[in-house]
Amino acid sequence: MGRLGSKNPKLESSNKRITKTMAKQPTVRAMPECQAELETKDKLLASIHKISSLLTRPISLDTILTTIVKEISHVFGFTRLAIFLTDRDRHLLECRYIHGFSPEDSERALRFPYRIDRHDCVETKVARLGKTIYVKDYQDDGRMTPVDLKVCRIMRRVSTVAAPLKIKKDVIGLITADRGVKQLTMTTKDIDAFSIFANQASIVIENARLQEQNKKKIKQLLTLQEISKKASSAFNLEKLFQVISASAIKVTRASCCLLFMLDDEGRELSLAVARGGEMTAFDSRLEIEGSLVDWVAKTGTAVLIDDIRTVPRYREIIPGIVSHLCVPLISDKRVIGVLYVASPDQGAFSEDDLKLLLIFAGHSASLIKNARLYGQVMTERNFRENILESSPASMVTINLQKEISSVNRKTEEMFRFKRKLVLGARASMVFSDDIVQLVDLAIDEHTVVDNKEILLHHKDDTDITLGITSSLLRNHQDNLIGAMFIIRDLTEEKKTEELIRRIDRLTSLGQLSAGIAHEIRNPLSSINFNVQLLAKKTALTVDAGNLLADTQEGVDRIRTLVKGMLDFAKPSLPALKSDSLVQVVQGSISLMDSQFREKRVEVRSALPDNLPPVTMDAHQIRQVLVNLLLNAMEAMPEGGIIGVRCRTERSDSRRGDHVVLQISDQGSGISRDNLSRIFNPFFTTKPEGTGLGLAIVHKILEQHQILVDVTSDKTKGTTFTLKFPVHSSEGQRCSDTRS
């Protein structure tokens with residue numbers, strides 16, 4: 001850019017040479033000849049001044065070449081001109097502008113450049129020697145080569161003049177001119193003037209080329225900056241590969257791009273993405289052994305090739321591709337991949353393209369490394385999140401401000417809220433006071449609890465028992481950042497534990513009852529026999545008769561109690577077979593129909609006909625149902641409604657399906673304290689009860705593997721829920737009852 005400005009040293013030097021040339025002319029000349037010469041020199045100076053003024057204007061190279069051709073034609077009267085420029089390696093002479101030729105000749109000249117080291121002709125000689133050559137007649141000039149004669153015949157050229165375009169000693173191109181089929185007659189002065197004009201044009205052309213290169217560099221750098229921003233936001237590896245390949249094509253103006261990645265061991269290259277033209281259909285298992293890409297991957301060296309046909313040692317990857325630009329992707333001093341761009345045009349890439357692509361490749365390697373690390377982090381995070389989400393326990397994290405940081409799916413199910421509504425909210429606004437106290441202990445006093453049991457009451461009046469374990473959360477610097485709470489639903493565990501305790505108690509009580517019953521039966525039989533004998537053989541007064549009657553009544557009551565104890569301790573084994581539960585229920589209701597009418601009790605039943613059969617001892621199940629119906633009736637001394645409902649319930653695969661039977665009353669209910677004791681032997685709230693009815697019921701249900709659950713409310717009454725398994729085999733049930 002230092003050549004810009006009105007005072008140009010080379011321009012002044014050219015003017016001095018023109019003036020000096022004029023000074024050498026003879027003093028005595030014909031006026032017309034001098035006048036014509038002066039006019040030509042004036043035109044030359046004006047043209048040189050005109051093209052020199054282009055130095056200060058941001059004009060494209062094509063516009064400058066057009067102006068130069070126009071001025072040459074104006075000054076020297078040429079009808080046909082061509083401007084050739086060398087490539088960056090000074091190997092090719094490429095026609096960049098042509099004027100006055102036929103369209104066919106122009107297309108041929110623009111398409112086929114001269115190779116300076118191969119083609120021996122006027123144009124290549126000027127490029128090699130840096131001197132102007134004038135050919136008055138191609139046929140008579142002994143310097144003409146076969147190439148010259150061929151060009152002369154094709155272009156229909158008689159004579160020509162070719163002047164080099166030089167910057168200092170470097171030839172950057174040349175200008176050729178002729179008058180077609182007319183012979184070109186030029187004096188030494190004309191040739192010198194043409195050379196001077198060419199020298200001045202060289203400065204303008206080189207300045208325009210530098211401007212174009214600078215503009216290209218600026219545009220490429222801006223493009224690279226824009227691409228870098230776009231690529232930096234792509235954390236998905238596949239998306240990043242697409243961005244890199246598209247950006248490489250945009251930066252270098254290539255026709256296609258291949259991105260290869262090395263495996264973790266750095267041994268095998270695989271095609272990550274192909275872009276441009278038909279490249280998207282390329283097989284990802286390309287054979288690249290011995291190719292340019294393979295060599296770059298092994299050496300870590302970038303390669304720029306103008307014409308792959310001149311480098312036979314590299315195996316062809318893409319047919320029809322001429323220019324190749326291949327750079328390594330290097331991360332932590334190790335090649336992780338190769339970025340390859342190509343074009344079917346010869347010499348499509350410059351050294352500037354190579355430098356820019358190297359910068360882009362370095363940035364891309366860093367982005368790929370970051371994307372891989374990000375992918376690993378996301379995979380590990382998702383794995384941990386999946387573990388937390390799949391956990392059967394509720395997990396809640398609280399920060400130092402006592403705000404909810406995270407909850408898992410089980411927490412939503414357990415506490416019946418949506419996480420998006422509670423994240424960021426204070427714990428005191430979401431959880432009960434019992435849980436908030438544990439939060440305060442952890443955050444304020446750094447105290448944790450282990451399996452602390454609390455009762456959670458839901459709005460539908462259902463209660464669940466929770467076991468809470470807390471722990472403190474700390475960062476890598478061991479600073480407290482919050483607390484985690486693991487909350488388990490202990491409701492089923494508590495029921496199971498209670499069931500086990502109940503079974504243990506019943507078993508112990510059963511064994512005890514059997515022993516007591518046997519001990520009582522023998523003396524009780526003697527007492528009963530003696531009382532009956534006294535009543536028959538003794539003349540009794542009224543008072544004595546009443547005493548014996550009371551004694552007999554007491555003995556009968558003891559016998560009933562002993563029989564119940566024996567039935568509880570050792571009930572008969574059930575005779576299991578597949579039967580209809582609906583028929584058994586209907587039969588049980590019919591047995592008590594008269595008692596229901598007497599007590600003003602209405603039974604409302606919902607018994608579907610499509611219930612599957614269940615395996616049971618119908619007689620024992622009828623005994624269970626009669627007992628439950630009797631208890632329901634006695635719980636409503638003023639009358640009421642007993643509800644009997646059956647349905648099929650889908651359960652988990654481990655337990656299979658169930659037929660659920662519910663018997664509910666509208667009585668005063670059972671208190672919470674007594675609810676856990678109703679199946680205990682000898683527990684009763686009835687003045688005349690033995691406390692063995694529900695104990696025997698439980699024993700029968702246990703032998704049938706029927707689950708029983710009891711819910712009670714003082715305002716709504718009591719509901720017994722029995723779950724009959726559908727798919728249990730009869731043989732298995734029988735073996736279980738005998739074990």
Side-chain angles (χ1 to χ4, degrees), residues 232-236 370-498 651-652 672 709 711 713:
S232 297
S233 61
F235 292 106
N236 179 274
N370 293 338
R372 285 175 170 173
L373 292 174
Y374 177 79
Q376 293 175 3
V377 170
M378 291 301 296
T379 300
E380 292 176 1
R381 192 193 74 173
N382 291 339
F383 180 71
R384 290 193 297 269
E385 287 184 353
N386 287 336
I387 292 176
L388 294 177
E389 283 295 298
S390 304
S391 172
S394 163
M395 294 189 179
V396 182
T397 57
I398 308 291
N399 61 24
L400 295 180
Q401 288 72 42
K402 300 180 183 179
E403 297 169 340
I404 300 174
S405 301
S406 68
V407 298
N408 65 347
R409 186 184 301 113
K410 187 63 177 180
T411 306
E412 292 181 296
E413 297 173 0
M414 186 179 294
F415 291 92
R416 301 179 185 177
F417 56 53
K418 296 294 183 182
R419 72 179 72 189
K420 64 181 180 180
L421 301 178
V422 301
L423 291 179
R426 291 188 65 83
S428 58
M429 303 296 294
V430 178
F431 297 113
S432 64
D433 293 340
D434 293 334
I435 298 179
V436 172
Q437 289 177 4
L438 301 182
V439 172
D440 293 339
L441 279 175
I443 301 300
D444 297 337
E445 303 180 20
H446 303 179
T447 302
V448 298
V449 296
D450 184 20
N451 205 30
K452 173 72 173 179
E453 292 187 10
I454 66 170
L455 193 66
L456 176 64
H457 183 73
H458 285 304
K459 293 181 179 179
D460 59 358
D461 291 333
T462 59
D463 295 332
I464 61 175
T465 303
L466 304 179
I468 303 180
T469 299
S470 61
S471 61
L472 301 179
L473 297 178
R474 299 183 182 275
N475 59 17
H476 64 282
Q477 296 176 341
D478 202 35
N479 295 325
L480 184 68
I481 59 174
M484 170 177 275
F485 295 85
I486 301 175
I487 308 172
R488 296 189 304 120
D489 186 351
L490 303 180
T491 306
E492 292 300 323
E493 290 184 21
K494 291 296 181 182
K495 288 183 179 180
T496 303
E497 290 175 2
E498 178 60 29
S651 186
D652 56 78
R672 184 183 297 273
D709 186 37
T711 59
D713 188 286

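Fair warning: this is a prediction, and the values are worked out from it, not measured in the lab. Residues take their numbers from the sequence shown, with the count starting at 1.
Rounding to the nearest 0.5 angstrom, the gap separating the CG atom in Leu438 from the OG1 atom in Thr447 is 10.5 Å. Note that CE of Met414 and CD1 of Ile464 are 6.0 Å apart. Values are rounded to the nearest 0.5 Å. The CG atom of Asp463 sits 4.5 Å away from atom CG of Leu455, with the distance rounded to the nearest 0.5 Å. Here the OG1 atom belonging to Thr469 is positioned 12.0 Å from the NZ atom belonging to Lys452, to the nearest 0.5 angstrom. Rounded to the nearest 0.5 Å, atoms OG (Ser470) and CD1 (Ile435) are 11.5 Å apart. A distance of 13.0 Å separates NE2 in His457 from CG in Asp434, rounded to the nearest 0.5 Å.
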Working for side-chain contact (heavy atoms from CB on, under 4.5 Å), residues Lys410 and Ile487: CA-CA 9 Å; Lys410 187 63 177 180; Ile487 308 172; over 6 Å; no
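Residues Val407 and Leu423 approach most closely at N-CD2, 4.1 Å, considering heavy atoms. Scanning both residues, Glu389 and Arg409, for their nearest heavy atoms gives O-NH1, 3.0 Å. Nearest heavy-atom pair across Asn408 and Ser391 is ND2-CB, 4.1 Å. Residue Gln401 comes nearest to Arg426 through the heavy atom pair O-NH1, 2.8 Å, listed as atom of the first residue, atom of the second, then distance. A pairwise comparison of heavy atoms in Ala425 and Val430 identifies CB-CG2, 4.1 Å as the closest pair. When all heavy atoms of Ser428 and Val436 are compared, the closest pair comes out as CA-CG2, 3.6 Å.
The closest side-chain heavy-atom distance from Val422 to Glu412 is not below 4.5 Å. In this structure, Val439 and Phe431 have side chains that are not in contact, with every pair of non-hydrogen atoms separated by 4.5 Å or more.
For the side-chain contact (heavy atoms from CB on, under 4.5 Å) test with Thr465, the passing option among Ile454, Leu490, Asp489, Leu456 is Leu490; the others fail. Considering Thr411, Ile398, Thr397 in turn, Ile398 is the only one that fulfils the side-chain contact (heavy atoms from CB on, under 4.5 Å) rule with Phe485.
Between Lys402 and Asp444 there is a salt bridge, with a side-chain nitrogen of the basic residue lying less than 4.0 Å from a carboxylate oxygen of the acidic one.
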